[in-house]
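Not measured: the values here are computed from a predicted model. Residue numbering restarts at 1 for every chain, and letters A, B, ... go by the order of the sequence lines.
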Amino acid sequence: MNPILLAVLIVSGIGLLLGAFLVLANRFFAVEEDETVKELCAILPGANCGACGFSGCSGYAAALAENKQTETTRCPVGGNETAQKIAALLGVAAGEVAVKKARVRCQGFYDAKGKKSIYEGISSCHAATMLYGGDSACIYGCLGYGDCVGACDKQAISICGGVALVTPSLCKGCGKCVTACPKHIIEMVSEKESAYVPCSNKDKGAQTKKVCQTGCLGCKMCAKVCEAGAIRFEGGLAVIDDSLCTGCGKCIAACKFGVIKSYSPFA
Amino acid sequence: MLKSFLAVFLAAILTENYILSKFLGICPFLGVSKKLNTAVGMSLAVTFVLVLATAVTFPLFTYVLEPLGLGYLQTVVFILIIAALVQFVEIVMKKYIPSLYRALGIYLPLITTNCAVLGVTLLVLEKSAENPSYTFLHALVNALGAGVGYLLAMVLFAGVRERLEDADIPKFLRGLPITLIAAALVALSFLGFAGIVDGLL
């Protein structure tokens, strides 16, 4: 046989054989794509922030489609609107989404807090913390190197005067900054008017005063005036229970050091 | 017999490492080695395809192409087979191991164009032509060893890359230049293995 013809026949024969094999394989190993997953993906905001506890929006959609018991309210970015749409699609009752916002519990700006060392390493709170708890004299407070700023996808956090500040209107409540902060001073709070203590220093008053001018001294004046019983003390630090606080503002007036502030998530 | 298998296996990993000694499959070596977990996933997929491709191409060459005098078609035919095999692996993986399928993502179809796969299947033919005692089983062990060697090179280099991220590198060397220098140094270190399996063969 003509060698050229033979070569052409062999190669095209192998090609045809493999093609047929792939067609068969595709037929036998076909995967049924779930239509609801696609629809759920369209409803979800696509922020892929992971606040729902799944690996991004597609992970949440797959979990919802697979198990009807999965809560429809786990997406803080989409909020109530998304929860209702998901519930309508799946035919289950919609719940209320508790939208939470991040808040930084420190107000030790440059003029208020002292430095105990000069840090010249890479500009990261995590790296600074590894060196004797950071360069700030207060070992509880914000270092201001912006690990939280880097973690935030929504540009809701900025470093202002050496302290991280959250812009509540931009915050979507994913909680990435909470895990990014090595000092654990960012908390997630519910969306309502309340009073809060922008300080995390648990030391006694005298010690706190040495390292920061705007720290909570733990004098307990606020707890005396609080009618809701929302204020408790962790060492020398007042902590206001967000769920009990009525936002009456009496503690703000009672604090002589200006350490209790009014918090508005709508600002 | 067992000794020769061990020699082939070790040679494929250390002295004839397909990435660091033969410089095949450099593209994924530089592209996918940024993180350790993707490097491992990619290497395992390559290993699987390597063994499967050798299992098909070696008998096909020996029993079909060679007797018909069509040995010169090996490159074309092998590419055809590797491409089909990767597609097949993708279909099967999507059905039975969806988690791995999602983790590998785009890397899986990219193995089709990985020259290490073609290199391993082609170079093993030369070896069997030189040495009649080099059987089909030797070829399979060689493919497995090549895959493990690939894994070793990728994991080692992923470690180097992760260190490079934190290093203070001069501006003109940042990115690909320093990566290529690092790759060259890792390859150089593998020269130290030269000759250690010669006595076993």
Checklist entry - Taking every heavy-atom pair that is under 4.5 Å apart, which of A:Pro3, A:Ala7, A:Gly19 has the most such pairs with chain B? => result A:Ala7
Next on the checklist: Which atoms of B:Leu60 are under 4.5 Å from chain A, going by heavy atoms: the side chain, the backbone, both sets, or neither?
Outcome noted: side chain
Checklist entry - So which part of B:Leu80 gets closer than 4.5 Å to some heavy atom of chain A, the side chain, the backbone, both or neither? => result both
Item to check | CA sep, side-chain torsions, deciding dist, call: B:Asn17, B:Tyr150, side-chain hydrogen bond (donor to acceptor under 3.5 Å, both in side chains) | outcome: CA-CA 7 Å; B:Asn17 189 297; B:Tyr150 196 92; over 6 Å; no
Item to check | Side-chain donor or acceptor of B:Ser128 paired with backbone N/O of B:Leu125 under 3.5 Å | outcome: yes
Next on the checklist: Checking side-chain polar atoms at under 3.5 Å, does A:His126 have a donor or acceptor matched by the opposite partner on A:Thr129?
Outcome noted: no
Item to check | Residue part contacting chain A, namely of B:Leu65, when any heavy atom lies under 4.5 Å | outcome: side chain
Checklist entry - Do the rings of A:Phe21 and B:Phe88 sit parallel, tilted or perpendicular, given the 30° and 60° boundaries? => result tilted
Checklist entry - Contact part of A:Leu22 toward chain B, heavy-atom cut-off under 4.5 Å: side chain, backbone, both or neither? => result both
Checklist entry - Considering only heavy atoms from C-beta outward, does the side chain of B:Phe23 approach that of B:Ile19 to under 4.5 Å? => result no
